[in-house]
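The structure presented is a predicted model; accordingly, all values stated were derived computationally and were not measured. In what follows, chains are A, B, ... by sequence order, proteins preceding strands, each numbered from 1.
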Protein chains: 2
Amino acid sequence: MSAATRLDPDLSQDILVVRPSKWTLVVVVQLRSGTMRFNELRRNMGGVPQKSLSQTLRELERDGFVTRTAYATIPPRVDYDLTALGRELLDLADQFHLFAQRNREAVVEARRQFDALDIRPA
Amino acid sequence: MSAATRLDPDLSQDILVVRPSKWTLVVVVQLRSGTMRFNELRRNMGGVPQKSLSQTLRELERDGFVTRTAYATIPPRVDYDLTALGRELLDLADQFHLFAQRNREAVVEARRQFDALDIRPA
DNA sequence: CAGTATCCCCAAAGATACTG
DNA sequence: CAGTATCTTTGGGGATACTG
């Protein structure tokens, strides 16, 4: 592949634009199907602390991956959406996810074997 | 794309097989061109602490991404290499890197704008 | 050369309580 | 509903010193 030739070795520390938090890609994946509201995301993400979600969304908004639309109604309503850039990030998240699905078993097995050999009996 | 249809939403928390450390992808990228020794990696990675490199390599070995070959010579010599699985991870790292290169400017600009608006004057 | 052993630090993560 | 504020905890990261 030609990817190698275009990669700057000196930038190897800068492989990521942003240092994704634990929840970053999860949010991006959640927003695949379109607009979602705060608590809707929260519910679908199984036990993410409010603060973590809030921070993650703010970061994603700040970096241009997500739009935040607030309606001045009572009760308030805030919609989150992916931007075009966010959808590119989603593509990347998908590739990671597919990689994980393809190789989870292999990794788990490698880990099991390694651990079996690595034990130094007292 | 058809990726969406093959993604299990319930596994959204498991997008990554492993939680990559700060140095994981850097090591993988370094090993692109083939076998490397410990201090060789260290030198090429600009200031990575020995402990961090050691931990990162052990994790990668444990998960089956890297092979470790030790020679019982004096002085000792240890070779690190990517496995086939490791090379798949390298592909992923490349895509992340290319994404970063393509979009770094856009993200930096989005961030700049967001920060300019987010300031609440005292 | 290729690590391990310690110790320290800080940022991220999370639990809980409160509010416009 | 959609957050913020506060506090606590965890562990990843890093510096330094030592060793087979």
Side-chain angles (χ1 to χ4, degrees), chain A residues 12-28 30-31 35-63 66-81 114 117-120 122, chain B residues 12-28 30-31 35-63 66-81 114 117-120 122:
Chain A
S12 51
Q13 180 58 71
D14 294 300
I15 290 173
L16 291 74
V17 205
V18 286
R19 200 129 179 50
S21 89
K22 181 175 179 180
W23 300 102
T24 304
L25 294 186
V26 181
V27 167
V28 170
Q30 286 295 329
L31 289 176
T35 301
M36 290 189 84
R37 300 174 61 176
F38 187 86
N39 280 334
E40 197 176 354
L41 279 166
R42 197 153 139 47
R43 275 190 302 274
N44 291 337
M45 285 170 62
V48 55
Q50 256 179 344
K51 184 185 136 196
S52 304
L53 180 54
S54 178
Q55 279 178 352
T56 302
L57 284 168
R58 176 171 291 257
E59 276 276 305
L60 283 169
E61 184 197 0
R62 184 167 108 99
D63 291 346
V66 156
T67 59
R68 178 184 184 276
T69 314
Y71 301 93
T73 56
I74 295 178
R77 172 207 181 103
V78 179
D79 285 349
Y80 290 96
D81 256 301
F114 183 91
L117 294 175
D118 196 43
I119 295 170
R120 322 163 218 275
Chain B
S12 51
Q13 179 59 71
D14 294 299
I15 290 174
L16 290 75
V17 205
V18 287
R19 201 131 176 49
S21 88
K22 180 176 179 180
W23 301 101
T24 304
L25 294 186
V26 181
V27 166
V28 170
Q30 286 295 329
L31 289 176
T35 301
M36 289 188 86
R37 301 174 62 177
F38 188 85
N39 280 333
E40 197 176 354
L41 279 166
R42 199 156 134 61
R43 276 190 301 274
N44 290 337
M45 286 171 60
V48 54
Q50 256 179 344
K51 183 186 138 195
S52 304
L53 181 54
S54 178
Q55 279 178 353
T56 302
L57 284 169
R58 176 170 291 257
E59 276 275 305
L60 283 168
E61 184 197 1
R62 185 167 108 99
D63 291 345
V66 155
T67 60
R68 177 184 184 276
T69 313
Y71 301 93
T73 57
I74 295 178
R77 171 205 181 106
V78 180
D79 285 350
Y80 290 96
D81 256 300
F114 183 90
L117 295 176
D118 196 43
I119 295 171
R120 321 162 220 273

List, with names and distances, any nitrogen or oxygen atoms from the protein found under 3.5 Å away from nitrogen or oxygen atoms belonging to nucleotides 4-6 of chain D.
unit_1 : atom_1 : unit_2   : atom_2 : d
dT4(D) : OP1    : Arg58(A) : NH2    : 3.3
dT4(D) : OP2    : Ser54(A) : OG     : 2.6
dT4(D) : O4     : Gln50(A) : OE1    : 3.3

Residues at least two apart in sequence or cross-chain that pass side chain to side chain contact (heavy atoms under 4.5 Å, CB included) with Pro76(B), listed by chain then number, are none

Are [X] and [Y] packed together at the side-chain level, in the sense that at least one heavy-atom pair is separated by less than 4.5 angstrom?
{"X": "Asp81(A)", "Y": "Thr69(A)", "result": "no"}
{"X": "Val66(A)", "Y": "Tyr80(A)", "result": "yes"}
{"X": "Leu31(A)", "Y": "Leu60(A)", "result": "no"}
{"X": "Arg42(A)", "Y": "Asn39(A)", "result": "yes"}

Take the protein atom [atom1] of [X] and the nucleotide atom [atom2] of [N], then report the distance between them rounded to whole Å.
{"X": "Leu41(B)", "N": "dA2(C)", "atom1": "CG", "atom2": "C1'", "result": "12 Å"}
{"X": "Glu59(A)", "N": "dA13(C)", "atom1": "CD", "atom2": "C1'", "result": "14 Å"}
{"X": "Arg77(A)", "N": "dG20(C)", "atom1": "CZ", "atom2": "C1'", "result": "19 Å"}
{"X": "Leu57(A)", "N": "dC1(D)", "atom1": "CG", "atom2": "P", "result": "16 Å"}
{"X": "Tyr71(A)", "N": "dG3(D)", "atom1": "OH", "atom2": "C1'", "result": "17 Å"}
{"X": "Met36(B)", "N": "dC1(C)", "atom1": "CE", "atom2": "P", "result": "14 Å"}
{"X": "Glu40(B)", "N": "dC1(C)", "atom1": "CD", "atom2": "P", "result": "11 Å"}
{"X": "Ile74(B)", "N": "dC1(C)", "atom1": "CD1", "atom2": "P", "result": "14 Å"}

For [X] and [N], is the shortest distance between a side-chain N/O and OP1 or OP2 below 4.0 Å?
{"X": "Arg42(B)", "N": "dA2(C)", "answer": "no"}
{"X": "Tyr80(A)", "N": "dG3(D)", "answer": "yes"}
{"X": "Arg68(A)", "N": "dA2(D)", "answer": "no"}

Taken in chain and number order and not counting sequence neighbours, the residues that satisfy side-chain hydrogen bond (donor to acceptor under 3.5 Å, both in side chains) with Arg43(B) are none

Read 5' to 3' with Watson-Crick or G-U pairs under 3.5 Å, [ ] for crossing pairs and | for partners on another strand, DNA chain C gives ||||||||||||||||||||

Using a 3.5 Å distance criterion without hydrogens, assess whether the side chain of Ser54(A) forms a donor-acceptor pair with backbone atoms of Gln50(A). no

Exercise for the section: Pick base, sugar-phosphate or nothing for Thr73(A), based on heavy-atom distances below 4.0 Å to the nucleic acid. Expected result: nothing

Assert: residue with more 5' nearest nucleotide on DNA chain D, out of Asn39(A) and Arg19(A), is Asn39(A)

Salt bridge (Lys or Arg N to Asp or Glu O under 4.0 Å) filter on Asp79(A), not counting sequence neighbours, yields Arg77(A)

Sorted by chain and number, sequence neighbours left out, salt bridge (Lys or Arg N to Asp or Glu O under 4.0 Å) with Arg62(A) holds for Asp115(B)

Winner on side-chain proximity to Pro76(A), out of dA2(C), dC1(D), dG3(D), is dC1(D)

